[in-house]
K.L.:
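Just passing along the structure, written as structure tokens.
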Amino acid sequence: MNFEMITYEEIGPIARISHNRPEYRNAENRQLLKELDDAIVRAGEDESIRVVILGGKGDHFSAGHDLKEGAAKRGSFNLEERWAYEEEYFFDYCMRIKNLPKPTIAQVQGACIAGGFMVANMCDLMIASDDAFFADPVLHSMAVPGVEVMIHPWVLGTRKAKEFLFTGDRLYAQDALNSGMVNKVVSRENLEEETLAMAKRIAQAPPFAIKLLKKSLKRTLDIQGLQNSLDSHFDTHLLSHFTEESKNLNKSGFDKVITRSKTLNEQ
Ligand code: ZN
């Protein structure tokens, strides 16, 4: 399997899958998301792999979905087309990371924005460098109620998630740690090493037992409504792409959407 937009590294029983478009702040275009999904499936099927690390090469984890590609290729999509695309590339691919029957660790440095935030938060654990920051500015920039997968209240708690979503402001690594979203904050230079150390520790666990453990924890969250709430938010999100508010914002062009996102994120 040849990858162009990601890297797939095997380090003993660990697969490290990384966004690899550092010149575009690892923006997730269609090909990158497809490759990410292929890599997740491959790591899931490979019996020698016990733990998966999901990261990004370069200065940033990911700035989110590639909005320029979105505008050029999918700007005129009708609801049916948009639904099919976002369901497959944004929602189902995320669910496959979330439901992988092996432990996953997000390794996050620099920007982890919108679509990137969504992908990173599908992982079981998260280790961030002290320069990492998170944001979901799409309410302000695109008039949509958060990204496609509303994982925010589940990983941040509702109080913090509301502040995060209502303002669109950056959440820095230390605050994310205090909110319980991040497991550990380390220096940028130690990020890879510390993430690998945790992966290696977890990889020593009996694989079938940890698969069952992950299943039980998934059920614990689903009994509280996780899967239903993610499913229903996807419908709400899709609806919002076709509101007057959203159309009016987008009429001013996707360059402006990107600028609005950046302005927000630089606050
Ligand atoms: Zn969307």
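Whatever order the structure lists ligands and atoms in, that order sets their numbers, starting from 1. As the structure is a prediction and not an experimental result, all values here were calculated from the model.
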K.L.:
Closer than 3.5 angstrom, by distance alone: can the side chain of Lys57 be matched with the main-chain N or O of Thr7 as a donor-acceptor pair?
P.N.:
no

K.L.:
Enumerate donor-acceptor pairs with a distance under 3.5 Å from any side-chain N or O in residues 113-124 to protein atoms, sequence neighbours excluded.
P.N.:
unit_1, atom_1, unit_2, atom_2, d
Asn121, ND2, Phe117, O, 3.0
Asp124, OD1, Lys214, NZ, 3.3
Asp124, OD2, Thr104, N, 2.9
Asp124, OD2, Thr104, OG1, 3.1
Asp124, OD2, Lys214, NZ, 2.8

K.L.:
Return the orientation label for the His65 and Phe90 ring planes: parallel under 30°, perpendicular over 60°, tilted otherwise.
P.N.:
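His65 and Phe90: parallel rings.
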
K.L.:
Do Met150 and Thr236 come close enough that some side-chain heavy atom pair is under 4.5 Å?
P.N.:
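Met150 vs Thr236: side chains apart.
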
K.L.:
Given the Zn ion (ligand 1) as the apex, I'd like the angle to NE2 of His241 and NE2 of His237, rounded to 10 degrees.
P.N.:
90°

K.L.:
So, of the N/O/S atoms that Glu148 has, which is the nearest one to the Zn ion (ligand 1)?
P.N.:
OE2

K.L.:
Any idea which N/O/S atom from Glu86 gets closest to the Zn ion (ligand 1)?
P.N.:
OE1

